[in-house]
Amino acid sequence: MTTTTLITVAPTGAESVKSEVPALPVTLDELVRTATECAALGAAVIHVHVRDDDAEPTLDLGRLRATVEALRAGTGLIVELSTGGAVTDSETDRLAVLDAVPDMASCTMGTVNFGDDVFLNRWEFIVELHTRMQDRGVVAEYEIFDLGQLAALQRLLGRYGLPAGGHVHVDLVMGVPGGMPGTVDALVACRQALRDLPAGTTYSATGVGRTSVPVMLAALSGGGHLRVGMADTLSYAKGRPVESNMQLVARAVSLAQLAQRPPATAAQARELLGLAA
Ligand code: KMH
């Protein structure tokens, strides 16, 4: 029985433009302040994309290292770096993200159309990312944009073994134009497919854009965990732009409490994800 809810905040992403979304945290100070406030509300994990001095997405290793260090020093959050980056990032740069030695990193399980772009994740690249994470003790979060990517994950684990820490955790990223829709039916289909993965596999769900609330409700009633944040959602309700990441985390926390699955503490989250204390 799932008694708590793991809440991940994804505060920035690589897609939104700061000049259009002023509340987006893009500097290190903004990010640490956001992280601290989201942790106080009940978030346990932060999924991080960093920006450069022009607020453009970057995988600059110096910035990634400084970000991991600052988040560790300033918060008790589990720090997960995105290896997805932006659709324009090279495989070499995406692999090098692991050199910043985060607690966790994302590993997307296949190629997907991504709006007008393509988010490319070749099999050989996925294998390289997975095995490097195993070697370095970086815990994986497998990002799933479409149902078939769960079959790819089953194949990956069968051939190359469990991730660092031994626990399998996936994040269903739903509602990306080109990927699976953010619907109850799609979530249930994924939940069925999760049964083919190792016993104890857990999942979070993220509903992009207007699918945010239905996906949260479906995930909570289906034993899943939640990822929220301005990386995925910029509209709080029809005609009401999101004011801050804290507003989205607060809503996730109140829904989790309503579902009688309060937010996991940092210690509970570490245990759930197979991270060393
Ligand atoms: N920005 C997307 C192209 C991840 O963080 O690993 C990829 C993404 C997934 O956001």
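Computed from a prediction, not measured in an experiment: that's the story for all the values here. Indexing begins at 1, ligand by ligand and atom by atom, following the structure's order. These values consider heavy atoms only, across backbone and side chains, with no hydrogens, waters or symmetry-generated copies.
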Starting from [atom], which protein heavy atom do you reach first, and at what distance in Å?
| atom | answer |
| --- | --- |
| atom 9 (C) of ligand 1 | Glu143 OE1, 3.5 Å |
| atom 5 (O) of ligand 1 | Ser82 OG, 2.7 Å |
| atom 8 (C) of ligand 1 | His49 CE1, 4.1 Å |

Taking atom types as modelled, is there a side-chain donor on Ser244 or Gln247 under 3.5 Å from an acceptor on the other?
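Gln247 and Ser244 do not have a side-chain donor-acceptor pair below 3.5 Å.
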Closest approach of Thr183 to Met174 (non-hydrogen atoms, all atoms of both residues):
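In this case the closest contact between Thr183 and Met174 is O-CE, 3.7 Å.
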Which atoms of ligand 1 have any heavy atom of [X] under 4.0 Å away?
| X | value |
| --- | --- |
| Glu15 | 1 (N), 2 (C), 3 (C) |
| Ser106 | 4 (C), 5 (O), 6 (O) |
| His47 | 4 (C), 5 (O) |

Within 45° cone of Tyr203 ring axis and under 6.0 Å: Arg191 NZ or CZ
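Judged by the rule, Arg191 and Tyr203 form no cation-pi pair.
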What do you reckon, does Gly85 have a nitrogen or oxygen under 3.5 Å from a nitrogen or oxygen of ligand 1?
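Yes, Gly85 has an N/O under 3.5 Å of an N/O on ligand 1.
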Geometric N/O contact Gly84 with ligand 1, under 3.5 angstrom:
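Between Gly84 and ligand 1 (N or O atoms, distance only) the closest approach is under 3.5 Å.
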Can you give the donor-acceptor pairs under 3.5 Å from side chains of residues 159-168 to other protein atoms, not counting sequence neighbours?
residue	atom	partner	partner atom	Å
His167	NE2	Thr202	OG1	2.7
His167	NE2	Leu272	O	3.2

Using the salt bridge (Lys or Arg N to Asp or Glu O under 4.0 Å) rule, take Arg94 and Asp89 through it: C-alpha gap first, then chi angles, then the decisive distance, then the call.
CA-CA 7 Å; Arg94 290 172 60 191; Asp89 286 317; over 6 Å; no
Dump the intermediate steps for salt bridge (Lys or Arg N to Asp or Glu O under 4.0 Å) on Arg227 and Asp232, then the final yes or no.
CA-CA 9 Å; Arg227 177 177 115 179; Asp232 306 307; 3.1 Å; yes
